[in-house]
Amino acid sequence: MQHFWWMESVGYQIYPKSFFDSNDDGIGDIKGITLKLDYLQTLGVNLIWICPFYDSPMVDNGYDVRNYFDVAKEFGTMDDVKELIEQAHQKGIKIILDYVLNHTSDEHPWFIEAKSSKENPYRDYYLWHDGKIVDGKKVEPTNWGSFFGGSAWNYEPTTDAYYMKIFDDKMPDLNWANPKVQDEMILIAQKWLDLGVDGFRIDAVSHLDRAPLEDARANEGEKYPLDWNKFSNLPRVHDYLKRLAKEVFNQRECVTIGEVGGAASIIEGIKYSAFDSKELSMVFNFDHNWCNNLHEITHPKKLKTNVKALKNVFDRWQTAFKDIGWLPLNWLNHDQPRLMSQYGDYRYPLASGKMLATALHMMRGTPFIYQGEEIGMTNFPFEDVSQFNDVSSIANYRYHLERDPEDPVTALRKAALNSRDNPRTAMQWSSDWYAGFSRVKPVPLVNPNHKKINVKRNLSKKNSLWYHYQQLIDLRRNSIYKEVIIYGTYELIEKESELHYAYLRKDDERTLLVINSFSRKKSTFDLKNYQIIHRVISNYPKTNIKNAQLHLKPYESIVFEVKENL
Ligand code: GLC
Ligand code: CA
């Protein structure tokens with residue numbers, strides 16, 4: 001198997017708006033990232049993925065790009081970005097950017113041209129269609145729904161036509177079947193690589209091809225059904241990616257990680273990113289994000305993890321990619337509720353937080369930590385719908401309210417539990433005013449629990465979650481276990497257990513036994529098949545073994561170097 005630099009990296013995802021505000025205007029910025037490079041270096045990561053900072057009207061917090069070659073004023077300047085790249089590289093930290101290629105902002109000059117007339121040379125940069133006449137009224141060309149609610153089409157009066165937009169009205173979809181669009185996007189990628197970035201996280205990459213314009217099947221009363229099959233993982237996506245890879249990515253040693261949304265199966269993942277796919281280095285999948293009852297509950301204390309489903313997901317991806325590809329390892333990103341509020345246990349935050357970290361970081365792949373995960377940040381205690389900033393959270397609230405107009409409280413609770421604003425609150429650097437994120441009232445929300453959960457406090461306690469992350473990263477990057485952690489095989493054990501997620505990592509030299517209890521209950525793990533050589537990392541100071549039985553405390557997590565008794 002070929003080895004690439006990114007297989008040996010540990011990544012960290014930054015949401016610039018809420019990471020660190022360097023100039024006290026209440027908004028995180030590029031300089032703020034540069035100022036925190038030492039922090040990241042101390043944590044041990046050597047690859048950062050930065051969410052969009054391009055010039056944008058910020059309808060979708062920067063995923064609606066107005067100018068791919070400029071930086072949003074609130075985030076800084078191109079010079080700030082150059083400085084960041086340079087300083088990061090000096091510290092041995094690589095940088096990848098978000099490459100947003102499915103859509104632009106409706107304020108992008110291409111779209112302004114495109115909508116001005118049917119003959120405009122930019123018209124075919126986007127997906128236009130005439131409306132359909134139903135009962136004498138003009139309606140959308142199809143009934144397709146969009147990810148952020150409502151129709152996947154928007155009406156444009158100037159030319160009396162509809163354009164496709166599978167996210168927001170202000171994010172028209174690009175027409176990838178047009179080679180000129182491909183050319184333009186190639187130039188954008190090249191330009192950023194020339195500036196020194198080391199690769200891309202590719203946004204919404206599975207949506208670049210569209211199905212024939214036939215209505216989607218709708219449930220009773222459903223006007224705009226969201227049918228992923230109409231715009232996900234369709235054949236021509238692969239042609240487009242092969243061209244990008246050939247003309248840009250494979251010309252350099254860059255890394256590419258495609259975001260393949262919820263409906264992508266492992267088979268699709270392999271098509272995009274197996275070593276011989278000639279498309280992407282890796283894909284982010286979301287299968288492990290839905291292994292709990294988050295969508296059914298209205299109170300966080302009711303949260304329950306389906307341990308078997310969760311480990312089944314991890315196991316299936318790990319196994320499928322075994323010899324043929326590589327995976328990123330991340331619990332969540334800027335689009336999901338916080339890890340501690342999804343899979344953590346509020347009664348055992350420290351033990352469960354460390355266990356979750358170990359469970360993920362010991363797998364085969366490239367770990368990505370989402371900002372604040374390393375200190376156990378949690379969801380925000382939303383009290384009012386006006387606190388939502390994210391378009392999809394607001395749409396979600398409206399959706400629930402429409403179903404039950406009498407019950408705004410439940411609508412708020414449901415929307416809050418799943419809100420993308422949860423991971424986007426200000427990074428909690430200290431217990432100071434505004435969490436040490438800014439010296440003025442920040443634009444992003446500040447979670448009141450920053451008094452307790454913050455970087456400063458974590459750094460002052462040797463047994464904090466932060467140091468556990470640091471230790472995991474150090475094991476992977478610098479220890480004698482480096483080889484086996486990075487390149488060793490993965491094998492699930494205790495498959496039927498509903499309490500434990502345990503697996504083996506092996507290479508010719510060493511075997512690691514990774515045991516994670518996902519339970520509040522005490523439990524035992526049978527060690528009689530193993531001879532323990534060393535306790536590599538654990539989340540409790542003492543380990544209790546009697547008669548070859550490991551007695552696990554709530555959420556206990558241990559990695560042993562072992563020899564198997566064969
Ligand atoms: C991706 C991003 C998300 C954004 C969407 C549209 O899913 O992660 O934040 O809203 O694409 O660009
Ligand atoms: Ca700022």
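Quantities reported herein were computed from a predicted structural model and do not represent experimental measurements. What you see below is based on every heavy atom in this structure, not just the backbone, and it leaves out hydrogens, waters and symmetry mates. In each ligand, atom 1 is the first atom listed, and ligand 1 is the first ligand listed.
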* Asked: Parallel under 30°, tilted from 30 to 60°, perpendicular over 60°: which one fits the rings of His108 and Trp110?
  -> tilted
* To do: Could you tell me how the ring of His334 sits relative to the ring of Tyr63: parallel (under 30°), tilted (30 to 60°) or perpendicular (over 60°)?
  =>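 Correct class here is parallel.
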* To do: Give me the protein N, O or S atoms that fall under 3.0 Å of the Ca ion (ligand 2), sorted by chain and residue number.
  =>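 Counting only protein N, O or S atoms under 3.0 Å from the Ca ion (ligand 2), the list reads Asp21 OD1, Asn23 OD1, Asp25 OD1, Ile27 O, Asp29 OD2.
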* To do: Run the ring-centre check on Phe19 versus Phe75 and record whether the distance is less than 6.0 Å.
  => no
* What about the rings of Tyr122 and Tyr125, do their centers lie closer together than 6.0 Å? -> yes
* **Side-chain H-bond candidate by donor/acceptor type, Asp79 with Thr77, under 3.5 Å** => no
* Structure fact -> Applying side chain to side chain donor-acceptor pair (under 3.5 Å) to Glu279 and not counting sequence neighbours gives His238, Lys242
* To do: Could you tell me whether the side chain of Asn389 reaches within less than 4.5 Å of the side chain of Lys17, counting heavy atoms only?
  =>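 Contact flag for Lys17/Asn389 side chains = yes.
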* Structure fact -> Here the ring-ring contact (aromatic ring centres under 6.0 Å, His included) pairs for residues 168-200, sequence neighbours left out, are Phe53-Trp192, Tyr54-Trp192, Tyr99-Phe200, Trp176-Tyr240
* So, Asp227 side chain and Ala216 main chain: donor-acceptor pair closer than 3.5 Å or not? ->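 It does not hold such a pair.
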* Asked: Considering only heavy atoms, which protein residues lie less than 4.0 Å from any atom of ligand 1?
  -> Asp60, Tyr63, His103, Phe148, Phe167, Met171, Arg201, Asp203, Glu259, His334, Asp335, Arg420, Arg424
